[in-house]
Protein chains: 2
Amino acid sequence: MPVTIKDVAREAGVSPSTVSRVLSNHPRISAATARKVREIMQEMGYHPNLMAKSLVSRTTRSLCVVLPKPAEELFLNLFFMELIRGIVAQAAHDGYDVLISPGASATEEIEAVARLVNGRRVDGVILLYSRRDDPVVEFLRERDFPFVLVGRSPQYPDVRSVDTDNVRAAYDAANHLIALGHTRIGFVGGPPELVVSADRLEGYRRALAEAGLPVRGEWIVEGEFLQDSGVRAMSLLMRLDERPSALLVVDDFVALGVLRGLPELNLRVPQDLSLVSFNNLALAELANPPISSVDIGIYELGRAASGSLIAAVQPAADEQAPKRQIVPHRLIVRQSSGRAD
Amino acid sequence: MPVTIKDVAREAGVSPSTVSRVLSNHPRISAATARKVREIMQEMGYHPNLMAKSLVSRTTRSLCVVLPKPAEELFLNLFFMELIRGIVAQAAHDGYDVLISPGASATEEIEAVARLVNGRRVDGVILLYSRRDDPVVEFLRERDFPFVLVGRSPQYPDVRSVDTDNVRAAYDAANHLIALGHTRIGFVGGPPELVVSADRLEGYRRALAEAGLPVRGEWIVEGEFLQDSGVRAMSLLMRLDERPSALLVVDDFVALGVLRGLPELNLRVPQDLSLVSFNNLALAELANPPISSVDIGIYELGRAASGSLIAAVQPAADEQAPKRQIVPHRLIVRQSSGRAD
DNA sequence: TTGAAAGCGCTAACAG
DNA sequence: CTGTTAGCGCTTTCAA
């Protein structure tokens, strides 16, 4: 039987409310009683029951983050893990716990969130990489429940979110290739329903247009890339009459897939083909050759998401907190991108 | 103001306890009232307050999993993500939520767990890859709090755990290389304080001994492998007079590091060097060449861990639940392992 | 500065 | 089969 606030009160010869006040550092409590009560708490091994506290305070001091569906996001696993680290670190710092909600299927996903939200089990929700018409976003907006998006949702420009400026990131990456003298630059995208794919494509387009370079439809490939489809797409790309001398690739994992397809095409990186990708996951550095990649500060994104959401759910926060927040990126140049010959 | 059990009771013209009984499918409730109450709940948008339920039931229906410290486990990120998926999937299936606890430093780690455990915020804890003398294990054993280890702890053979038979897995992998005709087989290990490293080394030793092959000290490398130290270790290994023709590598990520160091040594895989690694992460298939790897069923490990822990915290579970559980592994042969010439 | 009392939303005897 | 009553452990008026 765990020791309760009553036990401490009895032992200390005060009332439960006094103990409670000591617990919450109430100002009008005599230093003497405070010290004494704290002593007894220590002795008896008292620990506040968080559930009871939640019940009366009507807040849980916990957030939930929705795990993306594996089918859709498997290649984002590394990304996600680092994001969680950031989320959890900031949350812990602010005294919040983080709950993981499963994302098996769309219906299960929303059911799980609904249970947590309706059951007042969490104070806020963190959502990732919103797709168009995300039902969870709809659900949360409807009941005006606090949430933050990692990524952006074109449908809901006013939603609280933290994001990379992906257009700009792709623009910068493309300009790196342009500065190296490349004029035939292709783009390998991810699942097109993700906003991030579209944004990076847009930045690519913009940089090329600005430099007066051609953007050819057949130089742009989109889709799932992990399996042999990646290899096939590459061979397609590389069999064109005029083939690109450099590629912008939407994610390091995808870049790894591209890299794998090259030996059978007798292509070397960077001699025959330069590569720049995004996210700068641990494997970008480890790949062979190491891949130039845009570091988007994933951990930082996680921290920012936590921070922003927590600020929003705190009662009397200064209303300063901006709804949209951009985390800066920077290009890490490695051996996969070289001068055009 | 959310609708409570009282509101429903009033509206349905019954007592709160009746509503509560309907909620928990109490057998002795008339079909008619049950239907009616459910109807009203639906209409009014009633959702049970999980905190209140927890307070009275003295159980939270949630588990917590302790995130490994980044320094120590960074190369296990992918592993960990898949494990979490398994954990969360099984937990959700059994009606449990999963909380992530940060593992920034040893003291923070134990403080965070203590807060959750003492505050009765969770019913059980999932721990990963226990190091020797894990303080969290100590803490939990002391207060007899339910937990499960993913991996094994030689100090505490009686602790509830799910694990791979790593000795056997390494034994199998080594025998694969032996069957391919290799006689000079090296071993590239991970951080030596992890039990998994020691176990895999042991299996390697056993297979070689059984086949009458030499185990040479200089063919065994241990340590952090992600950075250039990997490359250096490789060049060391490969500059020996008698160098191995095949390598057992403790993790796919580490294998990727090894792979990266080879071109400058003018070595090709598998022609000059065969490679077999462990864990079969997504990148094993994506590497160049694709890496033969022992699939240890990470997702399954996660599910098993959840399941085992949940069984343990359920009140009247049949005491059948074995304390130690082994999840089967299987070798996936890819192009990185070829015949010895 | 402290105590008494009421209540957060729910469950669980104990009656009826 | 259903209602009454008494808490779960904590916070918070309101009085003293």
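In the text below, chain A, chain B and the rest are named by the order of the sequence lines, each starting its count at 1.
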request  = Whole angstrom is fine here: how far is it from CG in L55(A) over to P in dT11(C)?
outcome  = 12 Å
Nucleotide dC10(C), atom C1' - distance to CZ of R58(B) in whole Å = 14 Å
ask   = Any salt bridge between E111(B) and R115(B), counting N to O under 4.0 Å?
value = no
Atom pairs, N/O to N/O, protein against nucleotides 10-16 of chain D, distance under 3.5 Å?
unit_1  : atom_1 : unit_2 : atom_2 : d
dC10(D) : OP1    : Y46(A) : OH     : 2.4
dC10(D) : OP1    : N49(A) : N      : 3.1
dC10(D) : OP2    : I5(A)  : N      : 2.5
dT11(D) : OP2    : S20(A) : OG     : 2.7

task = Write down the distance between NE2 (H26(B)) and P (dA13(C)), rounded to a whole number of angstrom.
result = 11 Å
query = Is any NZ, NE, NH1 or NH2 atom of the basic residue among R141(B) and D158(B) found under 4.0 Å from an Asp or Glu carboxylate oxygen of the other?
reply = yes
ask   = Nearest 0.5 Å, what's the CG-CZ distance between L55(A) and R120(A)?
value = 10.5 Å
Ion pair E300(A)/R303(A), N-O distance below 4.0 Å = yes
ask   = Should R152(B) and R324(B) count as side-chain neighbours, where that means a heavy-atom distance under 4.5 Å?
value = yes
Atom pair distance, as rounded to whole Å: CE in M44(A) and P in dG9(D) = 13 Å
message = Regarding R61(B) and D97(B), does a basic nitrogen lie under 4.0 Å from an acidic carboxylate oxygen?
response = no
request  = Classify the nucleic acid contact of I29(A) as base, sugar-phosphate or nothing, counting any heavy atom under 4.0 Å across all strands shown.
outcome  = sugar-phosphate
Distance below 4.0 Å between T33(A) side-chain N/O and dT1(C) OP1 or OP2 = no
request  = Using atom CZ of R10(A) as one end and atom C1' of dG9(D) as the other, report the distance to the nearest whole Å.
outcome  = 13 Å
